[in-house]
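Remember, it's a predicted structure, so these values are computed and weren't measured experimentally. Read the numbers this way: they start at 1 and go in the same order the structure lists the ligands and their atoms.
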Amino acid sequence: MTRLRCQSGGREVSLPGSLHDYHVHTYLCGHAIGSAEEYVLAAIAAGLDEIGFAEHVPLYWLPVRERDPEIAMPEERFEEYVRTVLDLRASYPEIRILIGVEADYIPGFEEALDSLLAPYPWDYVYGSVHYVDGWGFDNPAYAGSYSEWDVTELYARYFELVCAAARTGLFDIIGHLDVIKKWGHKPPVVPEKLYRSVAAELSRCNVVVEANTAGYRKPVGELYPSAPLLRCLLDAGIELSLGSDAHAPGEVGSGFERALAELRQAGCASLVRFERRNRTYVPLPKAR
Ligand code: ZN
Ligand code: FE
Ligand code: FE
Ligand code: ZN
C-alpha cells in the first residue's frame, strides 16, 4: 500500500501498489533547488516507493567555455552527481533510489553522448528533445520564436527528432514526449496521423515513454503526453513510466493523482520499473 501525500493541497490519499517518481533534478543543474538528499526525504514524505534522479546531462555538444551553468550540470561535477545518489542508497534503505540522467538528443553527437554516459551504472537514461535545429524552444528566453513557425510543421519536425532519438538506441525512456506544446501552441487539428506514426516508430524502437506531470504546471496545463497521443501510444503497446520533472523538492510526486486517473482512463494497466536498464512491470495503483 502506497500512501501518496498530495504536496500541493496537503490532502492525503492511499493508493495500493507501488509508485515511483523517475524524474527529479537537483541544484547541480543551476536552475533547480534542493540537494539529492532533500529529494529523497521529500519522496519518503510523499509515500513513494522509488525515487529516481534524472539530472540534465552536461552540455556535451558544446565547447566547454560555451556551456551555460544554468542549463545543465557542469561536466566536472558529473561523477559527484552519480556518487552522491549512489551513496544515498545506503543511508535510506526505506526507499529505492535510482540513478538516471536526462540526456538531450542532439543529432550528430551520438558518440560523444555514448562515451560520456559509458562509465556509470545507470538505472535508466532519458532521451529528451529540448532543441529543434539549435532552437531551445522550452527555454522561456527563446519561446518568442514560435511565431516564426507554422505550428503543424513545427510539430512534425519536433517529432521527427524524437523518433530519431529513439532510433539511436541510447535511451531507455523518452522524456516529456510532447513538450513542444509547453507554452500552449497547438496545431489547429489534432495531428492524429503523426501521432499514430510516432507511436508505431517508438514501439519499433522499444523505448518507454514517460508520463510527465510538469505539463500541468506549465501554460499548456496538460500531462505530457496529451490524451490523444497517449491513446495512440497505448494502442501501439508502449509502456509508460512516471515522473514529476521536479525542480524543487516540494514538486516530488506533484500531479500524480491526476496523472494516474488519466492513465487509468486511457486504459493503461501498468508502469515500467527500472533497475540497471532492465525493465519489470508494476500494476498501476488503483483509485481509492
Ligand atoms: Zn530542468
Ligand atoms: Fe526536459
Ligand atoms: Fe527534466
Ligand atoms: Zn525535463
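Relative ring orientation between F109 and Y60 is described as perpendicular, the plane-to-plane angle rising above 60° on a 0-90° scale split at 30° and 60°.
Considering the Fe ion (ligand 2) as centre, the angle to OE2 of E102 and to NE2 of H130 is 100° (10° rounding).
Not a single N, O or S atom of H56, from either the backbone or the side chain, sits less than 2.8 Å from the Fe ion (ligand 2). In summary, an N, O or S atom of H25 is located under 2.8 Å from the Fe ion (ligand 3). When distances to the Zn ion (ligand 1) are checked against a cut-off of 2.8 Å, H247 contributes an N, O or S atom below that limit. Between the Zn ion (ligand 1) and C29 there is no N/O/S contact shorter than 2.8 Å. Residue contact annotation: D104 places no N/O/S atom under 2.8 Å from the Fe ion (ligand 2).
Ion pair R273/E50 flagged as a salt bridge, since at least one NZ, NE, NH1 or NH2 atom sits closer than 4.0 Å to an Asp/Glu carboxylate oxygen.
Taking CG of D178 as the reference point, atom CD of E222 lies at 7.0 Å (rounded to 0.5 Å).
Exactly one residue among K218, H130, K181, H23 makes a side-chain hydrogen bond (donor to acceptor under 3.5 Å, both in side chains) with H176. That residue is H130.
No other N/O/S atom of H56 lies as close to the Zn ion (ligand 1) as NE2 does. Of all N, O or S atoms in D245, the one lying closest to the Fe ion (ligand 3) is OD1.
D123 contributes a side-chain N or O that, together with a main-chain N or O of I99, makes up a donor-acceptor pair within less than 3.5 Å.
The nearest pair of heavy atoms linking V209 to I173 is C-CG2, 4.2 Å.
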